[in-house]
Amino acid sequence: MKLTDLGPLTARRRDGALSFDRFRADPALTVLRWPDDVLEQFLFDHGDNTAFINDYGTIDLRDITWRLDTIPAADFHSMPTGASDAGCIESYAANPVHWVAVRPSQVARHWDEHGTWLRPPLLIERCFLDPSAGGLQVLEGRTRVGVLRGRLREHLHVAPHHQTWVGRR
């Protein structure tokens with residue numbers, strides 16, 4: 001099952017005819033057995049996003065197993081995102097204080113108190129896109145990763161490790 005196979009489902013979501021609870025209960029998605037947070041961030045929020053389809057449309061979604069993992073802050077320093085959004089992480093990193101300030105106040109409070117994001121972003125093994133590639137790539141959470149990079153650069157409080165959802169084979 002590819003992103004494009006979910007077109008009718010994402011069209012109903014886009015038209016406002018489908019809540020997240022109804023979306024996640026669809027038989028096409030229940031077979032994936034993905035965590036709700038991943039379903040929401042990836043397929044509900046971005047499943048019909050052209051950039052996502054261009055970058056991740058070749059992946060068979062049934063091949064991805066998601067697990068909440070802890071990743072060292074240093075690993076995010078040069079972690080890429082999809083080609084369609086190349087450069088966006090660095091644009092967020094250029095002004096991390098701004099990108100936190102425009103979010104709800106609990107986001108800023110969490111960064112200040114814990115040195116990390118409030119909601120784990122989604123990372124995926126790069127081998128899904130190129131069998132010879134190693135490492136991880138930011139699938140969703142480009143702003144969060146950009147804020148982390150910028151906070152590191154500006155010597156603001158950053159935790160040494162961060163929870164993320166990691167999609168692996």
Side-chain angles (χ1 to χ4, degrees), residues 2-3 10 13-14 20 34-59 61 63-169:
K2 311 271 171 111
L3 281 173
T10 57
R13 189 261 327 139
R14 184 177 52 250
F20 176 68
W34 287 6
D36 283 351
D37 196 26
V38 173
L39 277 174
E40 185 174 15
Q41 289 190 66
F42 185 5
L43 302 181
F44 187 75
D45 292 347
H46 298 290
D48 59 351
N49 177 302
T50 303
F52 268 58
I53 292 169
N54 290 341
D55 291 342
Y56 306 109
T58 61
I59 298 172
L61 302 175
D63 292 340
I64 307 173
T65 300
W66 294 95
R67 192 175 94 205
L68 201 55
D69 232 339
T70 302
I71 306 291
D75 288 6
F76 292 96
H77 178 70
S78 60
M79 191 179 292
T81 192
S84 298
D85 287 321
C88 78
I89 292 175
E90 277 309 311
S91 70
Y92 296 124
N95 196 349
V97 173
H98 166 76
W99 291 109
V100 169
V102 298
R103 300 289 188 253
S105 61
Q106 65 264 29
V107 171
R109 190 169 38 258
H110 201 79
W111 275 107
D112 290 342
E113 293 173 6
H114 303 283
T116 192
W117 36 67
L118 189 58
R119 186 178 194 187
L122 311 181
L123 310 180
I124 194 165
E125 287 183 318
R126 296 186 73 218
C127 66
F128 280 108
L129 306 165
D130 175 359
S132 65
L136 299 171
Q137 161 166 330
V138 180
L139 181 114
E140 169 51 9
R142 296 168 304 278
T143 305
R144 287 167 271 181
V145 173
V147 165
L148 176 111
R149 285 185 192 174
R151 288 178 67 92
L152 282 168
R153 193 176 302 139
E154 294 182 13
H155 305 287
L156 299 171
H157 176 51
V158 174
H161 295 88
H162 303 269
Q163 278 204 319
T164 62
W165 288 106
V166 179
R168 300 187 190 278
R169 286 206 183 272

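Predicted model, so just to flag it, every value in this text is computed and none were measured. Side-chain atoms are counted along with the backbone in the values below, which use heavy atoms only and exclude waters and symmetry mates. Start at 1 with the first residue, then count along the sequence.
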>> Checking W117 against F76 for the ring-ring contact (aromatic ring centres under 6.0 Å, His included) test, could you report, in this order, the C-alpha distance in whole Å, the side-chain angles of both residues, the deciding distance, and whether it holds?
In response: CA-CA 13 Å; W117 36 67; F76 292 96; 5.3 Å; yes
> Going through the distances and angles, do R103 and L118 end up as a side chain to side chain contact (heavy atoms under 4.5 Å, CB included)?
Replying inline: CA-CA 11 Å; R103 300 289 188 253; L118 189 58; over 6 Å; no
> Does the side chain to side chain contact (heavy atoms under 4.5 Å, CB included) test come out yes or no for E154 and V97, once each step is laid out?
Replying inline: CA-CA 10 Å; E154 294 182 13; V97 173; 4.2 Å; yes
>> Working note: F128 + I64, criterion side chain to side chain contact (heavy atoms under 4.5 Å, CB included); need CA distance, chi angles, decisive distance, verdict.
In response: CA-CA 9 Å; F128 280 108; I64 307 173; 3.7 Å; yes
> Is there a side chain to side chain contact (heavy atoms under 4.5 Å, CB included) between Q163 and D69 once you walk through the steps?
Replying inline: CA-CA 6 Å; Q163 278 204 319; D69 232 339; over 6 Å; no
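Using a 30° and 60° split on the angle between ring planes, F42 and F52 fall in the tilted class, from 30° to 60°.
Taking 4.5 Å as the limit, every side-chain heavy atom of T65 sits out of range of all side-chain heavy atoms of R168. Residues F20 and D36 meet the side-chain proximity criterion, which asks for heavy atoms closer than 4.5 Å. Side-chain contact between L43 and R13: absent, with no pair of heavy atoms (C-beta onward) separated by less than 4.5 Å. Contact check for V158 versus H162: side-chain heavy atoms found under the 4.5 Å cut-off. Considering only heavy atoms from C-beta on, R151 comes within 4.5 Å of H157 through its side chain. Within the 4.5 Å cutoff, the side chain of P121 has no heavy atoms near those of the W165 side chain. With contacts defined as side-chain heavy-atom distances shorter than 4.5 Å, the pair L139/L123 does not qualify. With contacts defined as side-chain heavy-atom distances shorter than 4.5 Å, the pair H77/L152 does not qualify.
Remark: the backbone N or O of E140 is not paired with any side-chain donor or acceptor of Q41 at under 3.5 angstrom.
Distance check: T164 OG1 to D75 CG gives 9.5 Å after rounding to the nearest 0.5 Å. Distance CZ/R142 to CE/M79: 14.0 Å, rounded to 0.5 Å. In this structure, the separation between CG on L68 and CG on D37 is 8.5 Å, given to the nearest 0.5 Å. Atom OG1 of T50 sits about 11.0 Å away from atom CG of L3, to the nearest 0.5 Å. Atom CG in L136 sits 9.5 Å away from atom CZ in R126 (nearest 0.5 Å). Rounding to the nearest 0.5 Å places CG of D85 at 10.0 Å from CG of N54.
Side chain to side chain, D55 and S84 meet the donor-acceptor criterion of an N or O pair below 3.5 Å.
Pairing each heavy atom of P35 with each of W66, the nearest pair is CD-CB, 3.8 Å. Contact between A93 and P96 at its shortest, heavy atoms only, is O-CD, 3.2 Å. Taking every heavy atom of both residues into account, L61 and K2 meet most closely at CD1-C, 4.1 Å. In terms of heavy atoms, C88 sits closest to T81 at SG-CG2, 4.3 Å.
A salt bridge links R149 to E90: at least one charged side-chain nitrogen sits closer than 4.0 Å to a carboxylate oxygen.
Qualifying side-chain hydrogen bond (donor to acceptor under 3.5 Å, both in side chains) partners for E40, counting only residues two or more places apart in sequence or in other chains: R119.
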